[in-house]
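The structure appears right after this line, and notes come after that.
Heavy atoms only: backbone and side chains are in, while hydrogens, waters and symmetry mates are out.
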Amino acid sequence: QLQASGGGLVQAGGSLRLSCLVSGRIFSSGSIAWFRQRPGTEREFIAGMIWTGDRPMYADSVKGRFTISRDNVEKTRYLEMNSLKPEDTAVYYCAAARPKTSYYRDYANMGFYDYWGQGTQVTVSS
């Protein structure tokens, strides 16, 4: 129901765009987010947005470098990653949540999301 793609190997300073295709019964009026999990660490929130696209939320570590966007017609969400650093190396996951009023309180919590895609590996070489 969520299919992430677009990962790969890139040099520091380079760019990648991740895609997350949303299909099946996932509500298009909810919210979607990107998380990542670096080796030996817990999965962390990177970016998220509600279905309107208003007020996208970003982790401080990626603010100004990453951009989350959507294509509602194609049911795809994107994560544009620029100025990549070796510390961005991780498995990246997309997640989706049903419409919930607590979004702006809970958007960074893994438990808020009802659906998860498989991860896509991003490796940034120095």
Side-chain angles (χ1 to χ4, degrees):
Q1 292 182 327
L2 292 176
Q3 185 173 355
S5 61
L9 174 64
V10 64
Q11 289 188 332
S15 300
L16 279 176
R17 188 176 77 162
L18 304 183
S19 300
C20 181
L21 177 63
V22 182
S23 61
R25 301 176 60 186
I26 294 175
F27 291 94
S28 61
S29 58
S31 59
I32 196 158
W34 289 94
F35 285 71
R36 70 183 180 190
Q37 188 164 17
R38 292 179 282 190
T41 69
E42 295 184 350
R43 199 170 297 186
E44 61 177 340
F45 171 84
I46 293 300
M49 67 192 305
I50 57 174
W51 71 278
T52 61
D54 296 338
R55 293 181 60 190
M57 311 303 288
Y58 297 98
D60 288 343
S61 59
V62 305
K63 200 172 293 183
R65 299 189 298 122
F66 290 12
T67 303
I68 187 171
S69 62
R70 75 196 195 283
D71 182 333
N72 285 340
V73 174
E74 298 297 328
K75 296 186 178 180
T76 302
R77 306 297 184 260
Y78 301 100
L79 184 68
E80 186 77 34
M81 305 187 295
N82 298 314
S83 302
L84 284 162
K85 306 174 182 180
E87 51 264 43
D88 294 318
T89 294
V91 178
Y92 285 72
Y93 298 87
C94 60
R98 294 185 291 270
K100 300 173 186 176
T101 58
S102 63
Y103 175 77
Y104 288 109
R105 183 188 70 193
D106 298 329
Y107 66 88
N109 297 326
M110 287 182 56
F112 178 81
Y113 296 91
D114 304 297
Y115 308 96
W116 289 84
Q118 88 290 0
T120 185
Q121 176 71 46
V122 172
T123 302
V124 184
S125 63
S126 57

Are any of the side-chain nitrogens in K85 or D88 under 4.0 Å away from the carboxylate oxygens of its partner? no
Shortest non-hydrogen pair, T89 vs P39, comes out as O-CD, 4.2 Å
Quick check: is F112 connected to I32 through a chain of hydrophobic side chains (ILVMFWY, heavy atoms under 4.5 Å apart)? no
Rounding to 0.5 Å, atoms CZ (R17) and CG (L79) come to a distance of 10.5 Å
Hey, quick one: are I46 and V22 part of the same hydrophobic cluster, counting side-chain heavy atoms closer than 4.5 Å, chains of contacts allowed? yes
Please say yes or no: joined through hydrophobic side-chain contacts below 4.5 Å, possibly via intermediate residues, are W34 and M49 part of one cluster? yes
According to a 4.5 Å side-chain heavy-atom criterion applied to Ile, Leu, Val, Met, Phe, Trp and Tyr, with indirect links allowed, do V124 and Y93 form part of one hydrophobic cluster? no
Spacing of CE belonging to M81 relative to OG1 belonging to T67, to within rounding of 0.5 Å: 11.0 Å
Nearest 0.5 Å, please: how far is NZ in K63 from CE in M57? 7.5 Å
Kindly work out whether a path of hydrophobic side-chain contacts (I/L/V/M/F/W/Y, heavy atoms less than 4.5 Å apart) joins Y78 to L21. no
Going from CG on L84 to OG1 on T123, what distance comes out if it is rounded to the nearest 0.5 angstrom? 10.5 Å
Candidates Y58, Y113, F45 - the one meeting ring-ring contact (aromatic ring centres under 6.0 Å, His included) with Y107: F45
Heavy-atom donor-acceptor pair, Q3 side chain to G117 backbone, under 3.5 Å: no
D106 and K100: side chain to side chain contact (heavy atoms under 4.5 Å, CB included), yes or no, with the steps? CA-CA 10 Å; D106 298 329; K100 300 173 186 176; over 6 Å; no
Tell me whether R38 is salt-bridged to E44, with the criterion being a basic N under 4.0 Å from an acidic carboxylate O. yes
Whether R43 engages the ring of F35 as a cation-pi pair (distance to the six-membered ring centre under 6.0 angstrom, angle to the ring normal within 45°) should be assessed. no
When rounded to the nearest 0.5 Å, the distance separating OG of S23 from OH of Y115 is 11.5 Å
When every non-hydrogen atom of I68 is compared with those of P56, the smallest separation belongs to CG2-CB, 3.7 Å
Does T120 reach the side chain of S5, with side-chain heavy atoms less than 4.5 Å apart? no
Taking every heavy atom of S15 against every heavy atom of N82, the minimum-distance pair comes out as OG-OD1, 2.8 Å
OG on S126 to CD on E87, rounded to 0.5 Å: 10.0 Å
What is the minimum heavy-atom distance between S19 and T76, and which atoms define it? CB-CG2, 4.1 Å
Looking only at heavy atoms, which two atoms of R36 and S61 are closest? And how far apart? NH2-OG, 3.7 Å
Taking R105 for the side chain and T101 for the main chain, is one N or O donor matched with an acceptor at less than 3.5 Å? no
